[in-house]
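Have a look at the structure below, then the notes.
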Amino acid sequence: MTNLTIELNSVIDMTEEQFFQLCQKNPDLRFERNAKGDLIIMSPTGGETGSYNAGLTSKIWIWNDQRKLGIVFDSSTGFQLPNGANLSPDASWISIEKWNNLTPEKRTKFLPLCPDFLIELMSPSDSLPKTREKMKEYLENGMHLGWLINPKNQQVEIYRAGKDVEILDSPEILSGEDVLPGFILDMTTIW
């Protein structure tokens, strides 16, 4: 199944609160919204992709639990980016400073910020060009480090603020660099 995009902007100007309520009223569906206001209905992942997502999130969570440097989020978490898009990366992390600057109310809704670090894991229904555009959108909205992992091609695209995209073929490990200091992801669990 592929993702569906519905152009809403010419019909309705949906507020952030209305989008949040739409998501809450339809818990069996996964929505994102691009900066133009189009509604994107995301297809569910298959078992293999879901298992990889769970593993990636758990590894970041374990690293963060030991260091207490920030907050980790799974693929169900919505982020309201500065450009107006509402996106949900497969795994993400923000610094503790960003978290502490959010009011209790803002913590309960889609977070009004871009993750410092995130992972997008390609599933069979994902389009590589569209996912690359999404990664660039994250960069333009404040992401410091992002990994686009493509298990089918055994490639990883590394997105860093202010730098060209680096493409790695079958890397054995990935480093969290200075964004997630000391975090190393063993890629043999994905390949």
Using only atom types and a distance under 3.5 Å, with no angle test, would you say the side chain of [X] pairs donor to acceptor with the backbone of [Y]?
X	Y	result
N141	E137	yes
D90	S75	no
R30	I41	no
T108	E105	yes
T77	F73	no
S58	G55	yes

When W93 is tested against each of I119, L118, I71, N64 for side chain to side chain contact (heavy atoms under 4.5 Å, CB included), which residue passes? N64

Which residue in the set N101, L69, L113 passes side chain to side chain contact (heavy atoms under 4.5 Å, CB included) when paired with I94?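 Exactly one candidate clears the test, L113.
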
Test item: side-chain donor near acceptor, N86 and Q80, under 3.5 Å: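 No - no donor-acceptor pair under 3.5 Å links their side chains.
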
Does a donor on one side chain sit under 3.5 Å from an acceptor on the other, for E120 and Y138? yes

Return the minimal non-hydrogen interatomic distance between G176 and L145, and the atom names on each side.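 G176 and L145 have their closest heavy atoms at O-CD2, 3.5 Å.
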
Heavy-atom nearest pair, C114 first then K98, reads O-NZ, 3.0 Å

Within-4.5 Å side-chain heavy-atom neighbours: [X] and [Y]:
X	Y	result
S88	F79	no
R33	M14	yes
Y52	S123	no
V72	T57	yes
N34	L87	no
R160	E177	yes
V156	N150	no
S95	V179	no

Just verifying a value: how many Å separate [X] [atom1] and [Y] [atom2], rounded to the nearest 0.5 Å?
X	Y	atom1	atom2	value
E157	M122	CD	CE	8.5 Å
E32	F110	CD	CZ	10.0 Å
S92	M143	OG	CE	11.5 Å
I149	T131	CD1	OG1	12.5 Å
D169	N153	CG	CG	9.0 Å
M135	I158	CE	CD1	10.0 Å

Indicate every side-chain donor-acceptor pair of residues 184-191 with a distance under 3.5 Å to a residue at least two apart or in another chain.
unit_1	atom_1	unit_2	atom_2	d
D186	OD1	T188	N	3.0
D186	OD1	T188	OG1	2.6
D186	OD2	T188	OG1	3.1
T189	OG1	D186	O	3.0
W191	NE1	P171	O	2.8

Apply side-chain contact (heavy atoms from CB on, under 4.5 Å) to residues M42 and I40 and explain how you reach the verdict. CA-CA 6 Å; M42 309 293 290; I40 303 162; 3.6 Å; yes

Given L56 and L121, is the side-chain contact (heavy atoms from CB on, under 4.5 Å) satisfied, shown in steps? CA-CA 9 Å; L56 291 168; L121 178 68; 4.2 Å; yes

ILVMFWY network linking Y159 to L128, side-chain heavy atoms under 4.5 angstrom: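 Y159 and L128: one cluster.
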
Shared hydrophobic cluster, L174 / L148 (ILVMFWY, side-chain heavy atoms < 4.5 Å):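 Shared cluster, no.
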
Is K36 salt-bridged to E7, cutoff N-O under 4.0 Å?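 Between E7 and K36 there is no salt bridge, as every charged N stays at least 4.0 Å from the carboxylate O atoms.
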
State whether K109 and E17 are salt-bridged, where the test is any N-O pair (Lys NZ or Arg NE/NH1/NH2 against Asp/Glu carboxylate O) under 4.0 Å. yes

Fit a plane to each ring of F19 and F31, take the angle between them on a 0 to 90° scale, and name the class: parallel (under 30°), tilted (30 to 60°) or perpendicular (over 60°). perpendicular

Would you call the rings of W147 and F183 parallel, tilted or perpendicular, taking 30° and 60° as the class edges?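 Answer is parallel, since the angle falls under 30°.
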
In terms of heavy-atom contacts, does CD of Q18 have more than 12 from other residues, nucleotides or ligands at under 6.0 Å?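 Yes, because the 6.0 Å sphere around CD of Q18 holds more than 12 heavy atoms from other groups.
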
Any residue meeting side-chain hydrogen bond (donor to acceptor under 3.5 Å, both in side chains) with D164, in chain and number order, not counting sequence neighbours: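 Residues passing side-chain hydrogen bond (donor to acceptor under 3.5 Å, both in side chains) with D164: none at all.
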
Give the C-alpha distance, both sets of side-chain angles, the deciding distance and a yes or no for side-chain hydrogen bond (donor to acceptor under 3.5 Å, both in side chains) between E140 and N83. CA-CA 9 Å; E140 292 165 358; N83 71 351; 5.7 Å; no

Go through it in stages, so that I can follow the logic: the residues are K59 and I62, the test is side-chain contact (heavy atoms from CB on, under 4.5 Å), and I'd like the CA-CA distance, side-chain angles, deciding distance and then a yes or no. CA-CA 5 Å; K59 289 172 192 212; I62 290 167; 5.7 Å; no

Test W61 against Q66 for side-chain contact (heavy atoms from CB on, under 4.5 Å), laying out the working first. CA-CA 9 Å; W61 192 92; Q66 295 169 350; over 6 Å; no

